[in-house]
Amino acid sequence: MTRLRISRALFTSLLCALVVSTPVLAHHSVQAQFDIHKSVSISGTVAKIEWINPHSYLTVNVKDADGKVQKWAFELGGANALRRAGLSRADRGGIKPGDQVTITAMPARDGSNSGFLQELKIADGRAYKFTTDANGQ
C-alpha cells in the first residue's frame, strides 16, 4: 500500500510541475517570429490599438500602390517597455483610431503584413521608440 501512495504522490507532483511550467513554455522569442536583421517602414491610419497582457497590438490601415487598403498588425512590447517609451495604459499615449502614423518594425518571418514595433511616429510630431539601435540610441 505504501508503494501505491508514493506512486500517486509522484504522479501528482509531476502533473503539478507540468501545469505550472506550461505558461513558461508558451512564451515565444522575438527572433523566432520576426526577422531581427531587417526593418520595414510603413505609413497609415490607426485602425485599432489593444492594450492587453503580455503584449499589446496596433492595427494600421495602409494604402498600397493601387489604393487598396491593407491591414498591418504590429506587436508591441510588454507594459514596462511601453511605459519606458512614454505610453501608459491610462491614456494610451493619446493614440486613437484615425491617427496618421509612421511605423518602423521588424517584419514577420512568414511574410505576412505584421511586425514587431520598433518606432512609432504620430503625425503631430510625437515619437515613441521601443528599441535601441546599435549605438544605444
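The two atoms that bring Y128 and A85 nearest to each other are CD2-O, 3.3 Å, heavy atoms only. T104 and S39 get closest at one heavy-atom pair: CG2-CB, 4.2 Å. For the residue pair K71 and A47, the shortest heavy atom distance occurs at NZ-CB, 3.9 Å.
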Kindly list each side-chain donor-acceptor pair under 3.5 angstrom involving residues 113-123, sequence neighbours excluded, with atom names and distances?
from	atom 1	to	atom 2	distance (Å)
S114	OG	S112	OG	2.8

* Under the side-chain contact (heavy atoms from CB on, under 4.5 Å) criterion, do W72 and L58 qualify, and how do the steps go? -> CA-CA 8 Å; W72 280 74; L58 176 66; over 6 Å; no
* To do: Begin with the C-alpha distance, continue with both residues' side-chain angles, and end with the deciding distance and a verdict on side chain to side chain donor-acceptor pair (under 3.5 Å) for T102 and S43.
  => CA-CA 4 Å; T102 299; S43 293; 3.0 Å; yes
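A donor-acceptor contact shorter than 3.5 Å is absent between the side chain of H55 and the backbone of E75. Judged by distance alone, with hydrogens and angles left aside, the side-chain atoms of D35 form a donor-acceptor pair with the main-chain N or O of H37 at under 3.5 Å.
Within the model, atoms CG of N61 and NZ of K48 stand 10.5 Å from one another, a figure rounded to the nearest 0.5 Å. Between the CD1 atom of I42 and the CD atom of Q70 there is a distance of 9.5 Å, given to the nearest 0.5 Å. A distance of 10.0 Å separates CZ of F34 from CZ of F74, quoted to the nearest 0.5 Å. The structure places CG of L76 at 6.0 Å from CD1 of I49, a figure rounded to the nearest 0.5 Å. Atom CZ of F130 is separated from atom CZ of R84 by 11.0 Å, given to the nearest 0.5 angstrom.
For the residue pair E50 and S56, no side-chain donor N or O sits within less than 3.5 Å of a side-chain acceptor on the partner.
Side-chain contact between V60 and T45 is absent, with no heavy atoms from C-beta onward closer than 4.5 Å.
Partners of K63 according to the salt bridge (charged side-chain N to carboxylate O under 4.0 Å, His left out) rule, which considers only residues two or more places apart in sequence or in another chain, do not exist here. When the salt bridge (charged side-chain N to carboxylate O under 4.0 Å, His left out) test is applied to D124, the partners found at least two apart in sequence or on another chain are R126.
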